[in-house]
Structures are given as structure tokens and as C-alpha cells.
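See structure below.
These figures come from a predicted structure and were not determined experimentally. Excluded from the calculations below are hydrogen atoms, water molecules and symmetry mates; all remaining heavy atoms, backbone and side chain alike, are included.
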Amino acid sequence: MKYHPLSIRPFLGAEDFELSRNFYRYIGFQEVLLGAHLSLFKVGEFGFYLQHAYVKDWIENTMVFMEVENLDQLFEDYSLLDLQKKYKKVRLIPIRTQPWGRAFFLHDPSGILWHFGVFNKQ
């Protein structure tokens, strides 16, 4: 490659844009409002765009994987937020061990499935 990518930012949709904005801020992302229907959510150098757009088949088939340094700490932090009581459709699924590493799963208010994980050291 003769160019050097600086970031990759997926576009995620939201069934209820305001509810999803609140959710992502609540779990620790910083929001940069880009317009009435578009926000950039960041943690460090990682980011994604949240847009006021809902296509059921798209949303129900969207998955995002985020590699983290301390999976156990993040799971504990999210567990303490009581997400499933605060957000009706949100589901937090405990850490599972896989052949490639470990991960836990979080469904956002629209149904997007987040995988938070760590890979086995080689």
C-alpha cells in the first residue's frame, strides 16, 4: 500500500436516534454532533458514525467488534451501569471463552450487536 489509513469508521443506524445517542454517551463514548441526524462517537482513536436512519434488516444484521485491553474491567463497568433496566431493548451477555480469545456481547437500543473482546496471545 502506498497510502496509510488513519481510521475506519462504520456508519450505524438507529431506530430512535436520541435514545441511541444517550445510550452511547452513557456507556462512555464522547459525541461530536455533526448535524441534526449524524454524530461521531469516539473513545480514544476509535470512532463510528451514528445516523438517524433505520432499516430493520440492516440494523438487525449489524455487528461491530471492538478489541479492548482489559475485557474483565469493561464488562464489570458495563454491568454496574444496569443497562438492561435503563434501556428496554439492551442486552448484556457475559464473557465467553472462544478458541480465538474471549468476548462479551452488548445489544444496543436498536439491536446492533457489539462484540467486546481480547484475542489469545500468540
Side-chain angles (χ1 to χ4, degrees):
M1 281 187 177
K2 293 186 180 189
Y3 62 95
H4 301 281
L6 300 176
S7 71
I8 188 165
R9 295 179 179 172
F11 283 81
L12 303 182
E15 184 174 12
D16 181 327
F17 186 61
E18 292 305 316
L19 180 67
S20 291
R21 287 177 63 211
N22 290 333
F23 170 77
Y24 285 111
R25 287 190 305 257
Y26 188 68
I27 65 170
F29 286 87
Q30 289 78 47
E31 181 181 22
V32 178
L33 191 59
L34 301 174
H37 303 290
L38 183 67
S39 288
L40 170 63
F41 282 89
K42 296 173 63 174
V43 170
E45 297 300 313
F46 171 81
F48 67 92
Y49 295 107
L50 182 71
Q51 57 186 343
H52 183 52
Y54 181 73
V55 177
K56 189 177 188 312
D57 288 341
W58 170 44
I59 299 295
E60 289 181 354
N61 289 289
T62 297
M63 293 187 283
V64 179
F65 184 93
M66 184 169 155
E67 182 181 7
V68 297
E69 287 182 353
N70 192 332
L71 184 70
D72 296 298
Q73 184 63 58
L74 183 61
F75 182 75
E76 183 180 327
D77 292 348
Y78 281 2
S79 295
L80 293 173
L81 292 176
D82 221 3
L83 296 169
Q84 293 170 204
K85 288 184 181 174
K86 185 166 177 66
Y87 297 94
K88 182 177 160 184
K89 293 183 179 181
V90 168
R91 289 189 343 212
L92 181 63
I93 300 166
I95 296 172
R96 295 182 182 166
T97 300
Q98 307 289 340
W100 52 265
R102 300 169 59 235
F104 72 85
F105 309 93
L106 178 65
H107 293 265
D108 87 349
S110 298
I112 291 171
L113 178 58
W114 282 81
H115 301 236
F116 295 93
V118 293
F119 294 105
N120 293 332
K121 295 181 181 174
Q122 296 193 11

Task: Set of ring-ring contact (aromatic ring centres under 6.0 Å, His included) partners for Phe41, sequence neighbours left out - done: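 For Phe41, the residues satisfying ring-ring contact (aromatic ring centres under 6.0 Å, His included) (neighbours in sequence not counted) are Tyr24, Phe48.
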Task: Phe46: partners by ring-ring contact (aromatic ring centres under 6.0 Å, His included), with sequence neighbours left out - done: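 None.
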Open item on the list: Who clusters with Leu34? Use side-chain heavy atoms, under 4.5 angstrom, across I, L, V, M, F, W and Y, and order the result by chain and number.
Closed with: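 Members other than Leu34 - counting any ILVMFWY side chain reachable under 4.5 Å - are Phe11, Val32, Leu38, Leu40, Tyr49.
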Task: Members besides Ile8 in its Ile/Leu/Val/Met/Phe/Trp/Tyr cluster (side-chain heavy atoms under 4.5 Å) - done: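 Taking Ile, Leu, Val, Met, Phe, Trp and Tyr as members, Ile8 stands alone, with no cluster partners.
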Is the shortest heavy-atom distance from the side chain of [X] to the side chain of [Y] under 4.5 Å?
X: Tyr78; Y: Val90; value: no
X: Leu113; Y: His107; value: yes
X: Leu12; Y: Trp114; value: yes
X: Arg21; Y: Leu50; value: yes

Any donor-acceptor pair under 3.5 Å linking the side chain of [X] with the backbone of [Y]?
X: Gln30; Y: Gly28; result: yes
X: Tyr87; Y: Leu19; result: no
X: Ser110; Y: Glu15; result: yes

Could you list the donor-acceptor pairs under 3.5 angstrom formed by side chains in residues 92-102, with sequence neighbours left out?
{"unit_1": "Arg102", "atom_1": "NH1", "unit_2": "Asp72", "atom_2": "OD2", "d": "3.4"}
{"unit_1": "Arg102", "atom_1": "NH2", "unit_2": "Asp72", "atom_2": "OD1", "d": "2.8"}

Task: Heavy-atom closest pair, residues Ser39 and Leu33 - done: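 Smallest heavy-atom distance, with atoms named: OG-CD1, 3.2 Å.
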TODO: Please name the pair of heavy atoms, one in Asn61 and one in Asp57, separated by the smallest distance, quoted to 0.1 Å.
DONE: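 Residues Asn61 and Asp57, closest heavy atoms: ND2-O, 2.6 Å.
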Task: Flag if over 12 foreign heavy atoms under 6.0 Å of CZ, Arg9 - done: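 More than 12 heavy atoms, drawn from other residues, nucleotides or ligands, come within 6.0 Å of this atom.
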TODO: Answer yes or no: are there more than 12 heavy-atom neighbours, outside Gln73 itself, under 6.0 Å from its atom CD?
DONE: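 For Gln73, atom CD is crowded (more than 12 foreign heavy atoms under 6.0 Å).
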Open item on the list: Do Asn22 and Glu18 pair up side chain to side chain, a donor and an acceptor below 3.5 Å, judged on atom types alone?
Closed with: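 No, Glu18 and Asn22 have no side-chain donor paired with an acceptor closer than 3.5 Å.
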Would you give the length of the straight line joining atom [atom1] of [X] to atom [atom2] of [Y], rounded to the nearest 0.5 angstrom?
X: Leu106; Y: Phe23; atom1: CG; atom2: CZ; answer: 4.0 Å
X: Asp77; Y: Leu81; atom1: CG; atom2: CG; answer: 7.0 Å
X: Gln84; Y: Ser79; atom1: CD; atom2: OG; answer: 8.5 Å
X: Ser20; Y: Gln51; atom1: OG; atom2: CD; answer: 11.5 Å

Open item on the list: Which residue is it: Phe105, Phe119, Phe104? I am looking for the one with a ring pair (Phe, Tyr, Trp, His ring centres under 6.0 Å) to Phe65.
Closed with: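 Testing each of Phe105, Phe119, Phe104 against Phe65, the sole residue satisfying ring pair (Phe, Tyr, Trp, His ring centres under 6.0 Å) is Phe119.
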Open item on the list: Can you pull out every salt bridge (Lys or Arg N to Asp or Glu O under 4.0 Å) where at least one residue sits in residues 104-122? Sequence neighbours excluded, please.
Closed with: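 Applying salt bridge (Lys or Arg N to Asp or Glu O under 4.0 Å) to every pair that reaches into residues 104-122, excluding sequence neighbours, yields nothing.
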